[in-house]
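First the structure, in the form of structure tokens, and then the observations on it.
Numbers restart at 1 for each chain; the letters A, B, ... are given by sequence-line order, proteins then strands. These numbers come from a predicted model, not from an experiment.
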Amino acid sequence: MAPKTPRVSRNPELVRGVGKYSRSQMYHKKGLWAIKAKHGGQFPRHDPKPKPEVAAAKPPKFYPADDVKKPLTNKRKPKPTKLRASITPGTVLIILAGRFKGKRVVFLKQLPSGLLLITGPFKINGVPLRRVNQSYLIATSTKVDISGVNVEKFDDKYFGKKAEKKKKKGEGEFFEAEKEEKNVLPQEKKDDQKSVDAPLIKSIEGVPDLKTYLAARFSLKAGMKPHELVF
Amino acid sequence: MHSFWLHHRATELCRVSQPFKRYVEIGRVALVNYGKEYGRLVVIVDVIDQNRALVDAPDMVRTQMNFKRLSLTDIKIDIKRVPKKKTLIQAMQEADVQAKWEKSSWGRKLIVQKKRAALNDFDRFKLMLAKIKRGGLIRQELAKLKKEATS
């Protein structure tokens, strides 16, 4: 097929909303007279194709007494938060808040929700595969080689809370049910952690002192000015 | 004005134990300590009046600066008043100003400060490990010497 040239209007614009040629002049320019002649005096029509018979909808059983308000349509498509330019896969990040504050961790990828997927690695500093918000991290300029790691299977659903089964309503079973509530980490998640961490640990051990660096926590000491520090 | 220079020269020649050692003179190398050119090494090429000098550097447009913005160094080069840029650069190369500066303790201190400011978080960690290691070695040696002294 010949490359499609972009459609140009045959009616140059004099002023916004005013064309150079009148309606009848444009009729001649577009050659609509020739199209009509080709089809025997009639302009070709494309009748709508007969639609397949739709079963007649049953009249609703219930009509509300007052008007029901319809909410406005929302066509918003949320997209993940813009990732800071300093954070790339393999960057060492410092967590600033929460249980693991001060820990230096490795960044893996950004999840569709916008949160960042990180790992300690678990064997080095006890931080598991986890989601963290960008705002609670400092990005250092140290990068780890992350090429051997496959993080395709992780998404937000993997980290979401499991839907609880409907609890049986019985007084006697109340205390027993509480015992079962204990959260045991499924073996599958432990295996995932190991499979992600193995190649990471190998590449980390390739760099001298990097392992001890990741195992240590970050803290501000006397004389350190965060706004002057280069991370 | 002319007599001022003669008087200045006279005192310079009969320098015995002067309270001042670094003088504002044509060819004096100074460090800019304030303003846009902060940290740059410049050469005084002329004196404008009581407060201002005309300064020049190989990679800078020749400008006037207040003496308060300049910290005089020990380095001096041999140039005439307001030399051409090429002459200035040649004189600086011959006197080897940059090398002299980097060897001087002031110059070395500035280089160390710059290095420390540019340290990465990982670099700071490695530095901490190195300091601990060095301290450990020193203590070992000290213990050895102590043992020898008492034995």
Verify the distance criterion only: is there a donor paired with an acceptor across the side chains of Ser141(A) and Asn120(B) at less than 3.5 Å?
yes
Working to the nearest 0.5 angstrom, can you tell me the gap between [X] [atom1] and [Y] [atom2]?
X	Y	atom1	atom2	result
Leu229(A)	Leu119(B)	CG	CG	10.0 Å
Phe125(B)	Leu214(A)	CZ	CG	8.5 Å
Phe122(B)	Asp209(A)	CZ	CG	5.5 Å

Is it true that, when you exclude [X] itself, more than 12 heavy atoms of the residues, nucleotides or ligands shown sit nearer than 6.0 Å to its [atom1]?
X	atom1	result
Lys85(B)	NZ	yes
Tyr136(A)	OH	no
Asp191(A)	CG	yes
Lys143(A)	NZ	yes
Asp66(A)	CG	no
Lys147(B)	NZ	no

Side chain, backbone, both or neither: which part of Leu129(B) has a heavy atom under 4.5 Å from chain A?
side chain
Tell me whether the NZ or CZ atom of Arg124(B) lies within the 45° cone about the ring axis of Tyr213(A) and under 6.0 Å from its centre.
no
Is it the backbone or the side chain of Leu210(A) that comes under 4.5 Å from a heavy atom of chain B, or both, or neither?
both
Please tell me if the side chains of Ile94(A) and Asp121(B) come closer than 4.5 Å, counting only heavy atoms from C-beta onward.
yes
